[in-house]
Amino acid sequence: MTVTKYSANGNDFIIFIAQEKADRSELAKKLCHRQNGVGADGMVVVLPHPEYDFEWEFYNADGSYAAMCGNASRAVAHFAHEKGISKNGKAEFLTGAGVIHATINGLYVVSDMVEPRIIRTDIEEDDEIWWLIDSGVPHLVAVRDNIDTFDLEQARKLREKYNVNVNICKIEGNTMYVRTYERGVEDETLACGTGMVACFIRNHKEGKVPGQVKVHPKSGDELYVSCEEGVYRFGGKVTKTFIAETLI
Ligand SMILES: N[C@@H](CCC[C@H](N)C(=O)O)C(=O)O
């Protein structure tokens, strides 16, 4: 089977086309395995859809299904546009969290996110306040002055307790820095799109940042997150890294 590998600012994905929905959890575990497979944080299956350009299935590296993946939404939009599945610099596709509208401009892709939900703003853990925000998938967000260290044991406990992705972020002017422990990868990833958006939502709601910010995830890449007329969108470059014939 031919698969295409993308990196979205260090969050990497295996993408391929299929004709029918299926439970591909075991395949995702095999292909995402860093040593025995292609290696990726997640796997995207592009499927036909009668109304939208396509529909997708998204799986985390551990085979778990997730409703949405911000970085993969940008990668798959570029993939679909190159394949002619979507046209005119746009892609409109159905995810488990709703319909995503993406704009493709060369390697720079912007995804309009689904309407987020601020679920709780009062979670106190280890003497700090966390917000629980669903930006397509659930995220805990804490804001700190310094994110040079990220206690992954603490992140793992919070991930298990709330079944979420766990983010710490800091603000410097109109720039945000975000680190994310990702559910389903069960480790910190180099970038997490819905995590960056969740961090922006908290900081924007608390009046700490304007309506558009530059964001640097762990990879150090540069992305932008904004809220325009109530629509949260985020953009950055994607990289198609290779095409492979899988034998597993
Ligand atoms: N990396 C993704 C998030 C993928 C899903 C997440 N790991 C979950 O299981 O909730 C992103 O870029 O948003």
Side-chain angles (χ1 to χ4, degrees), residues 5-15 24-25 28-29 31-32 34 39-45 56-79 91 93 95-98 100-102 109-117 119 130-141 150 152 155-156 158-169 176 178-202 215-219 221-225 232-239:
K5 180 84 186 289
Y6 271 82
S7 173
N9 312 106
N11 207 191
D12 59 345
F13 308 101
I14 295 157
I15 304 176
R24 294 179 169 93
S25 298
K29 283 169 69 175
L31 292 182
C32 292
R34 291 289 178 187
D41 291 332
M43 184 180 87
V44 181
V45 186
W56 87 356
E57 293 169 359
F58 178 83
Y59 300 86
N60 285 306
D62 69 354
S64 60
Y65 173 83
M68 177 51 186
C69 174
N71 282 324
S73 74
R74 295 188 296 112
V76 78
H78 185 274
F79 171 86
F93 56 99
T95 74
I100 298 296
H101 299 268
V109 184
V110 178
S111 283
D112 292 2
M113 306 299 279
V114 295
E115 184 170 358
R117 290 184 301 122
I119 300 166
W130 299 76
W131 283 30
L132 174 56
I133 299 169
D134 188 312
S135 52
V137 287
H139 288 267
L140 279 181
V141 174
F150 189 9
L152 295 185
R156 281 188 187 93
L158 294 171
R159 174 263 180 271
E160 290 299 332
K161 183 174 180 180
Y162 297 95
N163 189 26
V164 295
N165 303 276
V166 181
N167 304 264
I168 58 173
C169 63
M176 239 177 29
V178 177
R179 298 183 69 172
T180 306
Y181 176 97
E182 264 203 59
R183 179 180 72 172
V185 178
E186 302 310 331
D187 203 348
E188 180 178 13
T189 55
L190 293 177
C192 179
T194 49
M196 287 183 257
V197 172
C199 290
F200 170 72
I201 289 166
R202 174 171 179 177
V215 188
H216 293 290
K218 169 88 170 168
S219 65
D221 282 13
E222 182 177 293
L223 297 100
Y224 289 85
V225 183
Y232 289 92
R233 52 177 56 104
F234 95 113
K237 283 189 176 180
V238 297
T239 308

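In each ligand, atom 1 is the first atom listed, and ligand 1 is the first ligand listed. Every heavy atom of this structure was used, including side-chain atoms; hydrogens, water molecules and symmetry mates were not.
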With a 4.0 Å cut-off on N to O distance, would you call [X] and [Y] a salt bridge?
X    : Y    : value
R34  : D41  : yes
K5   : D12  : yes
R159 : E186 : yes

For this session: Mind checking the OG-CZ spacing from S111 to R74? Nearest 0.5 Å is all I need.
Result: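 So the OG of S111 and the CZ of R74 are separated by 7.0 Å.
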
Problem set entry | Ring-face cation contact, Y224 with R233, 6.0 Å cut, 45° max |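 Not satisfied by the 6.0 Å and 45° rule.
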
Problem set entry | Residues which pass ring pair (Phe, Tyr, Trp, His ring centres under 6.0 Å) with H101, listed by chain and number, not counting sequence neighbours |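 For H101 there are no ring pair (Phe, Tyr, Trp, His ring centres under 6.0 Å) partners, ignoring immediate neighbours.
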
Exercise. Under a strict 4.0 Å criterion on non-hydrogen atoms, which protein residues are in contact with ligand 1?
Worked result: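 Residue list for ligand 1: N11, F58, N60, A66, M68, C69, G70, N71, V137, N165, E182, R183, C192, G193, T194.
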
